[in-house]
There are 2 protein chains.
Amino acid sequence: MTRQADGGRRTPLSRDRVLRTAVALADRSGIDALSMRSLAQELGVVPMALYKHVANKEQLLDGMVDVVVGEIGPPDGGDGWKDAVRGRILATRHALLRHPWAARVVESRPGPTPGTLGHLDSLIGMFRAGGLSADLTHHAMHALGGRVWGFTQELFPAPPPSADPEVRAAVLREAAVHYPYIVEIATAGAAHDDGSVVGGGCDDRFEFEFALDLLLDGIERLHRQGWSSARHG
Amino acid sequence: MTRQADGGRRTPLSRDRVLRTAVALADRSGIDALSMRSLAQELGVVPMALYKHVANKEQLLDGMVDVVVGEIGPPDGGDGWKDAVRGRILATRHALLRHPWAARVVESRPGPTPGTLGHLDSLIGMFRAGGLSADLTHHAMHALGGRVWGFTQELFPAPPPSADPEVRAAVLREAAVHYPYIVEIATAGAAHDDGSVVGGGCDDRFEFEFALDLLLDGIERLHRQGWSSARHG
DNA sequence: ACCTGAACACCGTTCAAGT
DNA sequence: ACCTGAACACCGTTCAAGT
């Protein structure tokens, strides 16, 4: 007699099945609900059985990151290094957006994984193929930083605005006393309806591409100028 | 008879003392060693006593962030918005570097605190005083993102290089098989000693200022061009 | 009314006992 | 030799019992 939810484990456990089930469980219930114990229960096995396929929880999270990175898909060529890099980073963004927990888990990894190393290597290759020096490429990668994963480290998550517009106005008036500038840029554009994205909440995609293009344009300018760290450090 | 390490609590507990002791404990033992239980022991009180001064552990971490933000010091005027913003962000960086755990805790906060709101407000005020529109300032703040806290989200922490140069060379040769571009930019500059910062490990300060200036220069350029999101969104 | 020890509901991981 | 249940050493927080 077994207590397994699916009435007996038809599919034998494997590292791949452990990782995919972990990804699905985190997608469905959130990363906080993912524990070695809850994952084992989901798979109909005893917690200790997982340790046959992943050394510990850290390695489980590493493996989950690589599952997501594997969903990015191959580079699509593109014309010129800037479009190639831009397209690849936006593709990465889409893969990570499918898994709400992924950005936070990628950030928390204490070291690289085969998947993240491969992703970085292909991105660096695009810069180099475009003729950028190893020196400039190095600093460009640092400048992009976490943005190569397709997400920005937010200043802080926007508090969910109250549904009641009267309550919202009162909150803003109160906040404006202490933080006038924050309230100003958070509400600017609401008065003049000119298509500005300011005011109606923030458009994540716009903010991401704004910053990405600011960086890529700056890198392109330095490349054209023959920039080297030796002449500026 | 008491078991308190300091032979009796001379100083009564207060929110301030709880927060400062938590900061000191995290500085000394690392953020992982900071638990409600370990903090209570450090203060010579029972864990429950802490809940008189902080609602829960989340609020404790919020308070610790504000202690660090309080160490930044006032803005130093400066000439022009760009220098003012730049100086303020570098001052923030120095405050956070004094507390190795701070960057990670700031990142993990699910919402703003009075201290972080005040810091952002003063930064936004510098852009506005320099004549930038609320619109451009809004996007500039998003583009700076987590960098306003003085740290960059790293691609991943560099693995500690082996002390033995022979071992290091072997590791690099092995890595180069799978990740040739990563190894190239990680070792470029080692051959030609021209003052390039590439090769001898990464200079965090250089990388941070490189990215910060790339962004600030780009923002300055857009400001001069009279950029508005209405004409580009 | 106040304070606090024990308890609750977890966690990742170890380890020895059972098959 | 293999598998696994119980146990270990924690955690944040609740709650009722004691003063």
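Below, chain A is the first sequence line, B the second, and so on; all start at residue 1.
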A:F208 ring center within less than 6.0 Å of B:H142 ring center = no

task = Indicate whether OP1 or OP2 belonging to D:dC3 is found under 4.0 Å from a side-chain N or O atom of A:K52.
result = yes

query = Listed in order of residue number, which residues of residues 24-40 of chain A have a non-hydrogen atom at under 4.0 Å from DNA chain C?
reply = A:S35, A:M36, A:R37

Same-atom distance (P) from C:dG18 to D:dC8, integer angstrom = 16 Å

ask   = How is the base pairing of DNA chain C summarised as a dot-bracket string, given the Watson-Crick and G-U wobble criteria with both distances under 3.5 Å, [ ] for crossing and | for another strand?
value = ||.|||||...|||||.||

query = Rounding to a whole Å, what distance do you find between B:L13:CG and C:dC3:C1'?
reply = 13 Å

query = Nearest-Å distance, NZ (B:K57) to C1' (D:dT13)?
reply = 12 Å

task = Taking the side chain as every heavy atom from C-beta outward, state whether B:W149 and B:V65 have any pair of such atoms under 4.5 Å apart.
result = no

task = Say whether A:D27 and A:W101, considering side chains only, have a donor N or O and an acceptor N or O under 3.5 Å apart.
result = yes

Separation of the P atoms in D:dT19 and C:dA7, to the nearest angstrom = 16 Å

message = Are the side chains of A:L212 and A:T152 in contact, using a 4.5 Å heavy-atom criterion?
response = no

For atom CG of A:L60 and atom P of C:dG12, their distance in whole Å = 10 Å

inquiry  = Once side chain to side chain donor-acceptor pair (under 3.5 Å) is applied, do any residues pair with A:H119, and if so which ones, sequence neighbours excluded?
reply    = A:T92

request  = Quickly work out the A:E58 CD to C:dC11 P distance and round it to whole Å.
outcome  = 16 Å

task = State, yes or no, whether a side-chain contact exists between A:Y179 and B:P112 at a heavy-atom distance under 4.5 Å.
result = no

ask   = With a 4.5 Å heavy-atom cut-off, do A:T113 and A:V69 have their side chains touching?
value = no

Considering only distance and modelled atom types, tabulate donor-acceptor pairs under 3.5 Å from the side chains of residues 163-175 of chain A, sequence neighbours left out.
{"residue": "A:D164", "atom": "OD1", "partner": "A:E166", "partner atom": "N", "Å": "2.9"}

When the side chains of residues 55-64 of chain A are checked against the rest of the protein, which donor-acceptor pairs come out under 3.5 Å, sequence neighbours left out?
{"residue": "A:N56", "atom": "OD1", "partner": "A:E58", "partner atom": "N", "Å": "3.3"}
{"residue": "A:N56", "atom": "OD1", "partner": "A:Q59", "partner atom": "N", "Å": "3.0"}
{"residue": "A:K57", "atom": "NZ", "partner": "A:L34", "partner atom": "O", "Å": "3.0"}
{"residue": "A:E58", "atom": "OE1", "partner": "A:R109", "partner atom": "NH1", "Å": "3.4"}
{"residue": "A:Q59", "atom": "OE1", "partner": "A:R15", "partner atom": "NH1", "Å": "3.3"}
{"residue": "A:Q59", "atom": "OE1", "partner": "A:A55", "partner atom": "N", "Å": "3.3"}
{"residue": "A:D62", "atom": "OD1", "partner": "A:R109", "partner atom": "NH1", "Å": "3.4"}

ask   = Is it the case that more than 12 heavy atoms not belonging to B:H178 sit under 6.0 Å from its NE2 atom?
value = no

key: Contact letters for nucleotides 14-19 of chain C, in which S counts primed atoms plus P, OP1 and OP2 and B counts the base, heavy atoms under 4.0 Å   = BB----

ask   = Tell me, do A:L90 and A:R93 make a side-chain contact under 4.5 Å, heavy atoms counted?
value = yes

